[in-house]
Amino acid sequence: MHIHIVPNRGSRPTILLRESYREGKKVKKRTIANLSHLPMPQIELLRAVFQGADLQPAGLGFVVERSQPHGHVEAVHRMMARLGIATLIAGKPCRERDIVLALIAARILDPQTKLATTRSWDTSTLAETFGVSAADEQDCYAAMDWLLARQDRIQKKLAARHLKADGLVLYDLSSSYFEGTTSHAAGNACPLARRGYSRDGRRGTLQVNYGLMTDDRGCPVAVTVHEGNVADPTTLMPEITRIKDEFGITQFVMVGDRGMISSTAIATLRDHGGIDWITALKSASIRALVEDKTIQPDLSLPAAWLVDERNLAEFQHPDYPGERLVVCRNPELAKLRAHKGEDLLQATEEALRTIQSRVGAGRLTGQDKIGVAVGRLINRYKVAKHFTLTLTDTTLTFTRKEDAIAAEAALDGIYIIRTSVTPERLDAESCVRHYKSLSQVERAFRSMKTVDLKVRPIHHRLSDRVRAHIFLCMLAYYVEWHLKAAWRELLFADEDQEAKTTRDPVAPAERSAGAKAKIARRHHADGTPIHSFQTLLTELATIVRNTCRTSAEDDAPTFTVTTRPNPLQARAMELIDTLAV
């Protein structure tokens, strides 16, 4: 028997089941059934049966050996290729480069210790994609040492790509603590580990400081690691020298906070030539300008100076020769600080009343003992300077310094930008905006330290390994920064970046109407959900690569089948390919 298809002009063909038979020497055919009503897949199946094919139920023709999450790895790998990370790290392929690339990707996808990372290489397609399945923890350490030796060259390439002459450079310092019980006395502490000002709120722990340099958009360019007790200003001049001597940029504007670009640092910057700065005055300097009647809390200034109609005014002062001062007052910030200040004062009073009740009940006596008890609590909320205390052997009284509190409250919401940039290059509003852009560096620190890449806690004990670890995290953030830029339309991110250049520089930053609408509806117009960076990676991870065998036999050939991406996943990949680098 066989299938015979008879074409019909302009209509569906006639499909017949026919049988061949012999009469004497003649071969004849007869029709057994008309199968024209059957769908073509069934017709083809019948044809295969008549041809002797060995058919089995669906699913028994091959065996799925393994399924690995793949889409998130592919996204990171595709962005790294788009950015040319491989050639950025080394011009020629080598095993160390492959491992470094895998470590960068792993830092974005699933940040862990190096040992845990190597143990989970194969839980996704990461190890196969980067060719590092056989790499172990010691291989990773060797690759980190190799990477550190190339750090200066890599950062020079990044600077050439992102920094430009007469442009802005953002710089700030942060810290991260070490994990575990370590001490210099026991000999198991990293030489860089010191106790200093902890930006993580981990007082008394050993830590390391590191400075991050970015372009005016917050895109990372370079990172430098310092001992944990180094002061902010002492790290600035080496970075200035690096930009001029290593990066070859002789004219630029350095943007740093008031603790970084201090008056002492500015005195040194003047001697370098070609370097301008944007920073802010410290509270004591602002108070001095108020006390000498240069400015008033309502921003009223002498008529000879330029005054904005509402919340911003520009002026000059003999104490800051050759510089412009831009005083800003944010009423909303003033209200917030006033409310917080009152809460701190009341909390301190409550603590003092607790001690006062013990003294009054006779449970705490002696001026020295009362003083010790007060000393433990008085500055818990950093407002001890606003109280007058009177102690005897049997009494404790306290009062607020209302005049000092009022004088400080008058400065709430006021800050003054200090810059050497001429008005022809940047107007007052732009100077304020660029100073506030330091928040992008702070955002980078948050992503690197806790949110995404998890620099901290640090487990390494060798100085070079700590440096390599932090540099690796910076490179991972470089890739992540571009991924977020590419995926802006898919994330809870503000797509209207141009609005930042025109909005009120003093008022609190607000999202655009489009960004607020995203948050409100949580879905795109087509019904697909709006994501955070991490949940979008999770969504992409549902694209799976299946390794299959043609039969259950162990020696049967294998092949791979990858999940077809849904529209959202396809759009995410498309955005990576179209990102302007």
Side-chain angles (χ1 to χ4, degrees), residues 103 107 111-117 140-141 144-145 147-148 151 155 170-214 218 220-239 242 256-262 264-265 282 379-382 438-478 480:
L103 288 173
R107 207 77 214 165
Q112 303 180 81
T113 64
K114 306 305 178 293
L115 176 60
T117 297
C140 291
Y141 290 150
M144 290 172 65
D145 296 340
L147 174 66
L148 186 64
Q151 180 174 359
Q155 293 184 158
L170 311 184
Y171 178 70
D172 204 357
L173 196 75
S174 192
S175 60
S176 289
Y177 58 87
F178 286 85
E179 184 72 7
T181 304
T182 61
S183 69
H184 289 286
N188 61 351
C190 173
L192 294 170
R194 293 287 187 275
R195 289 182 175 84
Y197 172 64
S198 175
R199 297 157 181 85
D200 300 327
R202 296 289 293 265
R203 296 176 59 185
T205 58
L206 294 176
Q207 66 177 28
V208 63
N209 287 345
Y210 48 98
L212 182 66
M213 183 189 303
T214 78
V221 171
V223 69
T224 310
V225 179
H226 307 274
E227 292 182 347
N229 59 353
V230 70
D232 291 19
T234 61
T235 70
L236 178 64
M237 293 317 302
E239 297 306 311
R242 178 202 300 271
D257 65 22
R258 64 198 74 193
M260 181 65 66
I261 306 182
S262 61
T264 303
K282 295 182 178 180
N379 206 34
R380 175 182 293 176
Y381 303 107
K382 311 299 181 185
L438 282 171
S439 62
Q440 297 178 95
V441 186
E442 296 170 357
R443 187 177 301 114
F445 282 134
R446 287 196 298 273
S447 290
M448 288 176 61
K449 290 202 294 186
T450 57
V451 178
D452 298 323
L453 309 179
K454 296 182 173 56
V455 165
R456 69 182 193 193
I458 299 173
H459 298 269
H460 299 286
R461 296 293 175 261
L462 300 179
S463 296
D464 282 353
R465 293 280 167 76
V466 172
R467 290 189 175 96
H469 168 70
I470 293 176
F471 181 47
L472 190 73
C473 289
M474 191 214 83
L475 292 175
Y477 181 69
Y478 180 77
E480 179 184 300

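None of the values given here were measured: they were computed from a predicted structure.
Side-chain atoms of Arg461 do not come within 3.5 Å of backbone N or O of Val466 as any donor-acceptor pair. A donor-acceptor pair is defined here as one N or O able to donate and one able to accept, closer than 3.5 Å; such a pair exists between the side chain of Gln151 and the backbone of Val223. Between the side chain of Asp232 and the main chain of Gly259, no donor-acceptor pair closer than 3.5 Å is present.
Nearest approach of Leu236 to Ala265, heavy atoms of both residues: CD2-CB, 3.9 Å. When all heavy atoms of Asn209 and Ser175 are compared, the closest pair comes out as OD1-CB, 3.0 Å. The minimum heavy-atom distance linking Leu148 with Ala468 is given by the pair CD1-N, 4.0 Å. Asp257 approaches Leu438 most closely through the heavy-atom pair N-CD1, 3.5 Å. Among all heavy-atom pairs drawn from Arg195 and Thr205, the shortest one is CG-O, 3.9 Å. Here the closest heavy-atom approach between residue Tyr477 and residue Ser447 is recorded as CE1-CB, 3.6 Å.
Arg258 pairs by the salt bridge (charged side-chain N to carboxylate O under 4.0 Å, His left out) definition with nothing, not counting sequence neighbours. Here His226 pairs with nothing under the side-chain hydrogen bond (donor to acceptor under 3.5 Å, both in side chains) rule; sequence neighbours left out. Scanning for ring pair (Phe, Tyr, Trp, His ring centres under 6.0 Å) contacts around Tyr210 gives Phe445, with sequence neighbours left out.
Annotation for Tyr141: atom OH counts as buried by contact number, over 12 foreign heavy atoms lying within 6.0 Å.
With contacts defined as side-chain heavy-atom distances shorter than 4.5 Å, the pair Phe178/Val208 qualifies. Proximity of His469 to Arg107: side-chain heavy atoms (C-beta onward) are separated by under 4.5 Å at one or more points. Residues Leu147 and Leu472 have side chains in contact (heavy-atom distance under 4.5 Å, counting atoms from C-beta outward). Residues Lys114 and His460 meet the side-chain proximity criterion, which asks for heavy atoms closer than 4.5 Å. Between Arg242 and Met213 the shortest side-chain heavy-atom distance falls below 4.5 Å.
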Steps toward side-chain contact (heavy atoms from CB on, under 4.5 Å) verdict (Val221, Met474): CA-CA 8 Å; Val221 171; Met474 191 214 83; over 6 Å; no
Side chain to side chain donor-acceptor pair (under 3.5 Å) between Thr214 and Gln440, intermediate numbers included: CA-CA 9 Å; Thr214 78; Gln440 297 178 95; over 6 Å; no
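Rounded to the nearest 0.5 angstrom, Arg467 CZ and Leu462 CG are separated by 11.0 Å. Note that CG of Leu103 is 10.0 Å distant from SG of Cys473, once rounded to the nearest 0.5 Å. Here the straight-line distance linking atom CD of Gln155 with atom OG1 of Thr224 works out to 6.0 Å at 0.5 Å rounding. Taken to the nearest 0.5 Å, the OG1 atom of Thr235 stands 9.0 Å off from the CG atom of Asp172. Note that CG of Asn229 and CG of Leu192 are 10.5 Å apart. Values are rounded to the nearest 0.5 Å. The structure places CZ of Arg194 at 11.5 Å from CD of Gln207, a figure rounded to the nearest 0.5 Å.
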